[in-house]
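Note that ligands are numbered from 1 as they come in the structure, with each ligand's atoms numbered from 1 the same way.
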Amino acid sequence: MCGVVGYIGQENCAPIILNGLKKLEYRGYDSAGLAISETPDVLKIIRAEGKLSNLERIFTQEPFEGSRGLGHIRWATHGAPTEVNAHPHVAGSIVLAHNGIIENYLYLRDKLASEGREFTSATDTEVVAHLIDSELENADDLHHAVRKALSQIEGSYAFVVMSVNEPETLVVARNAAPMVLGRNENAAFAASDIPAVLEHTRKFVFLNDGDTAVLTREKTSIFDAQGLPVDRPEKLIQWDPISAEKQGYKHFMLKEIFEQPTRIIDTLRGRTDLDAGDINLNEVDLDDAFLEQVNKITIIACGTSYYSAMVGKYLIEGHARIPVEVDLASEYRYRNPIVDGKTLCIAISQSGETADTLAALREAKKLGAKTMCICNVIESTIARESDAILYTHAGPEIAVASTKASTTQLVALSMLAIWLGRRKNTMSAEDGRAWIEALRAVPTAIETILNDLDPYKDIAKQFSSAISFLYLGRGAQFPVALEGALKLKEISYIHAEGYASGEMKHGPIALIDENMPIVAIAPNDDVYEKTVSNVMEAKARQGKIIAIVEEGDDNLSRVADVVIEIPTVDQRVQPIITYVAVQLISYFIADFKGTDIDQPRNLAKSVTVE
Ligand code: M6R
């Protein structure tokens with residue numbers, strides 16, 4: 001989705017803004033733009049279709065300088081991804097870049113057009129620029145005009161705006177779209193995400209919905225939705241800026257796959273108590289009185305986070321014996337869900353900004369549920385709006401395809417299942433201890449997988465030209481099959497379907513012939529024999545079997561065309577291990593095909609539109 005960077009300070013800011021935009025590229029975009037105040041009353045603007053490198057090329061041909069500016073990468077919503085629709089947009093003295101959707105833009109556009117204003121783009125953003133410019137006529141200053149405009153706007157926005165008439169100011173506004181503010185001794189920054197400016201400051205302020213801010217070279221002033229000055233706490237971000245770099249890996253996705261052992265240790269750190277066979281979740285603000293009465297958990301999420309939620313259902317229902325519903329966030333709010341004060345609604349989201357998940361969380365809250373989130377991005381909107389938070393600590397995930405965020409989600413869900421089971425007395429200390437030991441063994445098991453990538457490269461060579469893949473799994477491996485298929489579609493553009501193995505004979509078996517690779521996820525679990533029977537049915541129809549099995553498997557590995565061996569681990573943590581295997585299959589197929597792995601076409605990292 002779109003990304004914004006704003007700067008006002010002492011230095012020539014074009015390189016700072018372009019570099020910041022580069023750090024936001026992971027969000028997914030299709031055009032880019034830059035506006036810089038060359039002199040107090042001259043604003044220079046360039047825009048380009050496609051990748052940021054196109055914008056940089058234009059800039060290098062005719063560079064310009066200034067110490068106030070804003071930049072933008074756009075993921076098209078209203079209007080095609082053309083230069084004319086790229087941000088920043090200009091109206092009179094106003095220059096503006098925006099992330100979000102203005103829902104009543106057509107009404108505003110007609111109104112402004114009837115007052116004689118002319119529009120050059122098809123975007124909702126240009127309407128905001130005109131609206132602010134028209135409000136300037138009756139406003140004290142730019143900030144006042146922005147506030148007057150906001151009172152007429154419906155929708156989500158995070159924007160940075162400047163005016164040639166106020167050369168010492170940048171104005172920022174936020175509602176239901178991310179925006180962080182940073183400051184060092186020389187400058188003030190506004191950005192859609194921390195990595196954009198992390199090399200310049202570690203101190204960040206997170207705006208609330210409805211907030212506006214005025215940035216000058218000397219100070220940052222924040223105002224709440226009523227326009228009253230307000231203090232928002234400053235947070236010190238501990239990440240190393242380098243953790244958002246590729247560090248020699250060919251792609252961010254590969255780097256993030258390899259980071260999983262360390263990130264899982266980070267997720268577990270300080271939260272496991274082996275002696276007591278229990279989990280320490282003091283940070284999760286759910287009191288005993290609520291836990292005693294909770295009678296249903298609803299987990300809401302999208303995409304990969306949704307598949308993590310499905311694994312979570314197996315873990316929580318199986319061991320804490322609380323009924324768990326799993327809902328696609330985009331469906332939840334429209335299905336009139338049954339919710340009361342005894343419902344715990346858990347939103348799972350890497351970014352914490354996914355619009356569908358946020359809307360579902362708000363719906364659950366409105367209906368009376370207690371809310372919680374499992375989230376990676378600290379201070380994200382979903383984290384801030386949940387009653388309780390369990391952070392995954394996966395660090396910044398840059399590749400669009402989620403990897404380390406999802407395995408750490410599974411670890412977080414495992415901890416939650418143990419914690420609930422121990423509190424509900426459905427799990428003994430001994431059981432808790434065994435599960436914790438299994439979780440602690442996961443990083444080593446993943447390292448074993450990562451030490452031998454040859455089988456994945458072989459699969460890539462043999463099957464990259466396939467038209468379609470089928471992924472099969474049973475029990476907690478069924479969501480892994482769905483996740484494997486999603487990952488393959490996302491980054492290799494090969495069609496893939498995930499199916500519960502037992503369901504294959506009810507339809508998809510018709511697709512199987514000698515051209516169909518079938519990834520059978522079959523570790524040695526309670527349903528292993530059943531899975532083997534289903535795979536044999538596929539084999540009998542000439543399907544090409546890629547079997548993910550435990551080391552020493554003497555059954556499926558005899559009939560499979562390709563065997564991927566994974567270490568033997570406790571059944572409760574098997575999905576974490578098999579996730580890594582399906583990630584590697586898609587990564588190496590996509591790499592073989594030469595697709596844009598970190599920024600696949602049409603996709604965005606943080607989907608902030610419904
Ligand atoms: O940030 P979220 O976890 O809320 O994102 C949800 C999905 O958009 C996300 O998992 C998406 O499916 C990924 N690209 C999967 O790799």
Do the side chains of [X] and [Y] get close enough for a salt bridge, i.e. N-O under 4.0 angstrom?
X	Y	value
E256	R263	no
E199	K22	no
E385	K365	no

Look at the side chain of [X] and the backbone N and O of [Y], then say whether any donor-acceptor pair between them is shorter than 3.5 Å.
X	Y	value
Y29	L52	yes
S492	K489	no
N208	G210	no

[atom] [closest protein heavy-atom partner, distance rounded to 0.1 Å]:
atom	value
atom 8 (O) of ligand 1	V607 CG2, 4.1 Å
atom 5 (O) of ligand 1	T354 OG1, 3.5 Å
atom 6 (C) of ligand 1	C302 O, 3.3 Å
atom 15 (C) of ligand 1	T304 OG1, 3.0 Å

- Quick one: which of S406, C373, S586, G303 has a heavy atom closest to atom 12 (O) of ligand 1?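 The option holding the nearest heavy atom is G303.
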Should you measure from each heavy atom of [X], which atoms of ligand 1 turn up under 4.0 Å away?
X	answer
E490	13 (C), 14 (N), 15 (C), 16 (O)
S305	2 (P), 3 (O), 10 (O)
Q350	1 (O), 2 (P), 3 (O), 4 (O)
K487	15 (C), 16 (O)
A401	16 (O)
S349	1 (O), 2 (P), 3 (O), 4 (O)

- H98 vs H87 aromatic rings, parallel, tilted or perpendicular, using cut-offs 30° and 60°?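 Ring orientation of H98 relative to H87: parallel.
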- Message: Please evaluate residues K296 and E325 with respect to the criterion salt bridge (Lys or Arg N to Asp or Glu O under 4.0 Å), reporting the C-alpha separation (whole Å), side-chain torsions for both, the decisive distance (0.1 Å), and the verdict.
- Response: CA-CA 8 Å; K296 183 173 74 174; E325 281 174 355; 3.5 Å; yes
- Proximity of E353 to ligand 1 by residue part, where a heavy atom lies under 4.0 Å: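 No part of E353 is near ligand 1 at this cut-off.
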- Message: Is it the case that ligand 1 has an N or O less than 3.5 angstrom from some N or O of V400?
- Response: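 Among all N and O atoms of V400, at least one is under 3.5 Å from an N or O of ligand 1.
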- Query: Any N or O of T357 that comes nearer than 3.5 Å to an N or O of ligand 1?
  - Reply: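 Min N/O separation from ligand 1 is not below 3.5 Å for T357.
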- Query: Of I459, I546, V562, which meets side chain to side chain contact (heavy atoms under 4.5 Å, CB included) against V519?
  - Reply: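 Looking at I459, I546, V562, the match for V519 under the side chain to side chain contact (heavy atoms under 4.5 Å, CB included) is I546.
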